[in-house]
Structure formats: C-alpha cells, structure tokens
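Note that the structure is predicted; figures quoted are calculated from it, not measured. In what follows, every chain begins at residue 1, and chains take the letters A, B, ... in the order their sequences are listed.
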Protein chains: 2
Amino acid sequence: MSVQPTEKVYIEILKQIKAIIVEDGLQAGDKLPSERELSDRLKVGRSSVREALRSLELLGLIETRRGEGTFIREATGHRLVEVLASFILNDNKARHDLQETRHIVIKDCVELAVRRAESATISKLTNLIEQMDTNEQEQVHRACKQFEKIVIQACGNHLLYRLYVELTGYGSSLQRANSYWSRAFCEEVLTLLQSKDAVKLTSLLSKQNDALNAIE
Amino acid sequence: MSVQPTEKVYIEILKQIKAIIVEDGLQAGDKLPSERELSDRLKVGRSSVREALRSLELLGLIETRRGEGTFIREATGHRLVEVLASFILNDNKARHDLQETRHIVIKDCVELAVRRAESATISKLTNLIEQMDTNEQEQVHRACKQFEKIVIQACGNHLLYRLYVELTGYGSSLQRANSYWSRAFCEEVLTLLQSKDAVKLTSLLSKQNDALNAIE
DNA sequence: TCAATATTAGTGGTCTGACCACCTCCTAAT
DNA sequence: ATTAGGAGGTGGTCAGACCACTAATATTGA
C-alpha cells in the first residue's frame, strides 16, 4: 500500500545543494563541494548527485569544469530560452517570431542604454570606432560586433542582455545568419547615444528592422 | 594539445532525443523510448541517458512515471520556474531586472497587439469587460487576468508570449506578488486598442510602470 | 464461462565500483 | 631558480546490480 509520493532523490538533492549554498554563503563564481563529497555528505549515490547537477547545469545555474570542479554562475544566467526554443523551433512561424523578438529586445536594450550609458561606456565605444580605421575587414567586423555587444550591455539589465545573447545564439544556429551592425550604423548609434536622443535612436532602429524585413 | 571541446555526452543525447521526437513524429503525451532502449540505440550508458532526461524533466519538457515510462509534456516551463526562482530569491539586482524585463516585454506585446489585434480578439475582450459587471471580486479578478493574457497573445508572436509567461511565472513564486491589471486599466486598454492609438497606449503603460516603481 | 488473483515482464529509481581524461599543485632533478 | 614529472583530486562515462512500481498476462477458483 502506501505510495508515499516520496520526492525523488535528485529533487531532494537540489534543495540540499541550495541549502549548502546558503549556509556556506557561496557567491557566484565560488566552487561547490565535489560530487563525491556531496554524495558523502548527503548520503546518496554519486549518480543521483550528478543528475541534480546536470539539471542545474542545463538551467545555466552552475558551470562544471572537468578536473577542476563545479562552480556557481551568475543567478540570472539561465538557458531558459535556449532549451525551450530548441524543442519548439521547428516551423517557420517560430523562426519569424525569433527574428522579430530579437529585434525587439535589441530595441529595448538600446532604449534603456541611451538613458543609462555612462561616460566610460561612451569612451569605450568611441575607441572601437577608431579601431575601425583599417583596411582589414576582419578587424572591422570584430569591432562592430563588440560595439553592438557593449551597447546592449549598457542597458544595465542583465536578464535582458542574456535574452539578447540567447536569441542571437539561436539565430546563428539557423540557416540565415544574423544581421550585424555596419560601421556606419555604429557611428550613428554612438552619436545618438552621446546626444541622448532617444527618439531618433528608436526610429533609426525600426528603420533598420523594416529594411531587414523587406529582404525576406 | 588540442583540447577539442568535445560536447558532453548528455548534451549530445539531448539532441538525439530531440531528433527521435522529430523523426518519430512524437506529440505531447506520447511515450518516449525507455531509458534502456535509448541507451542501446545511442550506444551510451544508461546513466548518461538519465542525466539528459532528468534535465529535461526539471525543465518541465518531459514527465516520468515509474513503472510506465517517460512522456512528452506540453512545453510549460513549470518546474523550471520554481527552481530558478528559488535560486534567484536573494539577489536584489536580479529581482529588479526581472520586474523591469517583464514590464518591457508586456509593453512590446501590447505595442504589437495594437497593430495586429483582429476583430475577434476585440470582441472577446469586450465580452470580458462585460463579465466584470458583478459584485464578485473573484470573478472580476479572473476576468482581468484573462483580459491581460488575451491582449498579450494578440501580439501574434508566440515566443514573446512565452517569455511573458515565464517572466510572470518567476515573479509569482517570489515574495512580492505580480501586479495585475485593474478593471479600469483594462477598459482603457480596450479603448485604445479599438482606436489603434499606439502612442497613447505606450504612454499609458509606462505611466503604470512608473507608478509601480515608485512603490518599491 | 467469467471474474478474481497470482505471475511476470518491462519501466523508472538508486547505488556501487570501476575506468578515463583533465587540471592543479607539489616535488625532485636539472 | 627553473623545469619536468608525478600524485591526487575532479568531473565524465560506463556496466551491472537491486529495488519499487505498473500493466499485461497467465492461472486459478467459483
């Protein structure tokens, strides 16, 4: 009889691990006890510990480095979208949604960035623009990507930034490559960031979106 | 030297499982091959298969029933929400980002909805408003939530909608409850949707955000 | 014949112990 | 002092063994 639902061990382990993190006051970047030690401390098999850790890893909450150990990641670094989408992303509609969502998130980030960008960020961007004064296409390309990333990060919202990263990640795994910012575009953005002209920046971005949509 | 990153086995298994789902045309509710069969078919240890399956389970993508098998679920990131939330709880920055991102996503959805909402949607919303003519608080509350959901869905972008769901999910498992739309707010939104007044709608939403931020 | 019961095969859940590959750190030889 | 090598710790993977549970099957009893 009976049938006590008996929480699965690996779920119980998740709670224990969380307790350990709290008790020991572990922060992002800190090392968790080794799998064998956890297995010992919690009186469960190592395989169960691993099932729990693998789950947390897939969620992006921890990071494991072979030969070194298991480490806590930043709290907001979840692979939510990545995994969900990879299991959902089969039809064309989903792809279109993906592109659209990516553009929207970029727009949101930039709109926040124009309000929050600090002078340090601006000078970093200025620097990047200068680096584009070269004939090497490869270097220009790299600088543009870096420029885009820094602008997005300047939104000051880590979760939103992660969304951008994830959405861009999928994109690259699809057939059509993602669009990157051109040098001219970067320069325009920098100017508008400096003048804190949110309105023009918004219209600039939506103009680019329209152009991209037209291509499809 | 070298050090080819060599994708971890359980990650590879995730892909394989996805491939099996696609090949066999499995739908939500269907049964996956057993752990032992997967282990056989993919030529990997059963424990590795389990690590992959446990991860998917934690994400809410599959459901396992002892003695029966493993089944595909409708993709509602159910458990994911709990786990993530419990790991994010003590990080104030993360919480703020979460709230902000949620507001932004809602704004994005509504802005798309105002351009895409069909008449069928509008009449559904009108209907809901009428249902609010009652003294039962519970019913009004339910109608408001439903109203919000329909508006969000009207954005026509499923990925964006899912983001909203996930973000709202986290929020509700945190201490502070999420803010819901009031009846008056719903009525305003409906009016603006009908008149397709995107500008006023945007300002209405940001006004609400500011009010909420002031409370904190 | 038919219903209740016992058996059995199949499934997930867990543990153990064994390797392997890799990293770090310490030691000993140069 | 520098460097090469080894030892020990860590995650990665596998195989095999039980257990608990479910459902389909076979057996039994009326």
Side-chain angles (χ1 to χ4, degrees), chain A residues 1-17 20-21 24 26 28-73 77 79 83, chain B residues 1-17 20-21 24 26 28-73 78-79 83:
Chain A
M1 330 222 110
S2 79
V3 189
Q4 225 36 350
T6 308
E7 197 97 60
K8 283 171 197 158
V9 169
Y10 91 95
I11 295 290
E12 195 53 43
I13 295 178
L14 287 182
K15 294 182 186 170
Q16 297 292 335
I17 290 179
I20 288 178
I21 291 177
D24 300 4
L26 300 182
D30 287 350
K31 186 169 167 303
L32 277 174
S34 75
E35 296 180 354
R36 288 167 177 88
E37 186 184 336
L38 284 174
S39 166
D40 252 22
R41 252 163 96 168
L42 306 181
K43 300 273 192 298
V44 295
R46 195 185 149 205
S47 50
S48 295
V49 171
R50 281 186 58 81
E51 287 181 13
L53 290 178
R54 257 3 84 224
S55 301
L56 290 181
E57 187 183 26
L58 194 64
L59 286 180
L61 290 171
I62 60 172
E63 175 185 1
T64 57
R65 297 202 282 271
R66 182 195 220 131
E68 297 181 61
T70 306
F71 301 84
I72 302 180
R73 271 174 92 164
R79 302 170 80 175
V83 182
Chain B
M1 319 267 130
S2 77
V3 187
Q4 224 35 357
T6 306
E7 200 98 59
K8 282 171 198 159
V9 169
Y10 92 95
I11 294 288
E12 196 53 42
I13 294 177
L14 286 181
K15 295 183 185 169
Q16 297 293 334
I17 291 179
I20 288 179
I21 292 178
D24 299 4
L26 299 181
D30 289 349
K31 187 169 168 304
L32 278 173
S34 76
E35 297 179 353
R36 288 169 179 84
E37 187 184 336
L38 284 174
S39 165
D40 254 20
R41 251 164 97 169
L42 306 181
K43 300 270 192 299
V44 295
R46 195 183 150 208
S47 49
S48 294
V49 170
R50 281 186 59 81
E51 288 180 11
L53 290 178
R54 258 2 84 221
S55 301
L56 290 181
E57 187 183 28
L58 196 64
L59 284 177
L61 290 171
I62 61 173
E63 176 186 359
T64 57
R65 297 201 281 271
R66 181 196 218 127
E68 296 181 62
T70 306
F71 302 84
I72 301 179
R73 267 172 94 162
H78 154 63
R79 195 125 229 174
V83 179

Participant: For the side chain of A/Arg36, starting at C-beta, report the closest nucleotide among D/dT22, D/dT10, D/dC18.
Facilitator: D/dT10
Participant: From CZ of B/Arg66 over to C1' of D/dC21, roughly how many Å is that when rounded to an integer?
Facilitator: 6 Å
Participant: Rounded to the Å, how far apart are B/Glu63 CD and C/dG13 P?
Facilitator: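 My rounded result for the distance is 11 Å.
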Participant: Mind calculating the distance between CG (A/Leu38) and C1' (C/dC15) to the nearest angstrom?
Facilitator: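 It is 16 Å, rounded to the nearest whole Å.
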Participant: Between D/dG11 atom C1' and A/Glu68 atom CD, what is the distance in whole Å?
Facilitator: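 So the CD-C1' distance, A/Glu68 to D/dG11, works out to 10 Å.
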Participant: A/Glu35 CD to D/dG11 P: how many Å, rounded?
Facilitator: 5 Å
Participant: Are OP1 or OP2 of C/dT24 and a side-chain N or O of A/Arg65 less than 4.0 angstrom apart?
Facilitator: no
Participant: For residues B/Ile13 and B/Leu53, determine if any side-chain heavy atom of one lies less than 4.5 Å from a side-chain heavy atom of the other.
Facilitator: no
Participant: Starting at atom CG of A/Asp40, determine the distance to atom C1' of D/dG11, rounded to an integer number of angstrom.
Facilitator: 16 Å
Participant: Whole angstrom is fine here: how far is it from CZ in A/Arg54 over to P in D/dG11?
Facilitator: 8 Å
Participant: From C-beta outward on B/Lys31, which listed nucleotide comes closest to its side chain: C/dC23, C/dT11, D/dA23?
Facilitator: C/dT11
Participant: May I have the step-by-step check of side chain to side chain contact (heavy atoms under 4.5 Å, CB included) for B/Leu38 and B/Val44, ending in yes or no?
Facilitator: CA-CA 8 Å; B/Leu38 284 174; B/Val44 295; over 6 Å; no
Participant: Hey, can you pull the residues of residues 41-51 of chain B with a non-hydrogen atom under 4.0 angstrom from DNA chain C?
Facilitator: B/Arg46, B/Arg50
Participant: Given the rule in the side chain to side chain contact (heavy atoms under 4.5 Å, CB included) test, do A/Ile17 and A/Ile62 qualify, once you have shown the distances and angles that lead to the verdict?
Facilitator: CA-CA 11 Å; A/Ile17 290 179; A/Ile62 60 172; over 6 Å; no
Participant: For A/Gly45 and A/Ser39, work out which heavy atoms get closest and say how close.
Facilitator: C-OG, 3.8 Å
Participant: Give the rounded distance in Å between these two atoms: CD of A/Glu37 and P of D/dG9.
Facilitator: 12 Å
Participant: A/Arg41 and A/Ile20: side chain to side chain contact (heavy atoms under 4.5 Å, CB included), yes or no, with the steps?
Facilitator: CA-CA 10 Å; A/Arg41 252 163 96 168; A/Ile20 288 178; 3.8 Å; yes
Participant: If the threshold is 4.0 Å, N to carboxylate O, is there a salt bridge linking A/Glu51 and A/Arg54?
Facilitator: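 Salt bridge: no.
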Participant: Can you find a side chain N or O atom of A/Ser39 that sits less than 4.0 Å from OP1 or OP2 on C/dC15?
Facilitator: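 Negative; the distance criterion is not met.
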Participant: Between C/dT11 and B/Thr64, is there an OP1 or OP2 to side-chain N/O distance shorter than 4.0 Å?
Facilitator: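 No.
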Participant: Could you pull out the closest heavy-atom pair between B/Lys31 and B/Leu26, with the gap in Å?
Facilitator: O-CD1, 4.0 Å
Participant: Compute the bend angle of the helix from C/dT1-D/dA30 to C/dT30-D/dA1 from the end axes (five pairs per end), rounded to 10°.
Facilitator: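 Terminal axis comparison yields 20°.
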Participant: What's the shortest heavy-atom distance between A/Ser55 and B/Leu58, and which atoms?
Facilitator: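 Between these two residues, the closest heavy atoms are CB-CD2, 3.2 Å.
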Participant: Is A/Ser34 near enough to D/dT10 that one of its side-chain N or O atoms lies under 4.0 angstrom from OP1 or OP2?
Facilitator: yes
Participant: Mind running side chain to side chain contact (heavy atoms under 4.5 Å, CB included) on A/Asp30 and A/Asp24 for me, showing each step along the way?
Facilitator: CA-CA 10 Å; A/Asp30 287 350; A/Asp24 300 4; over 6 Å; no
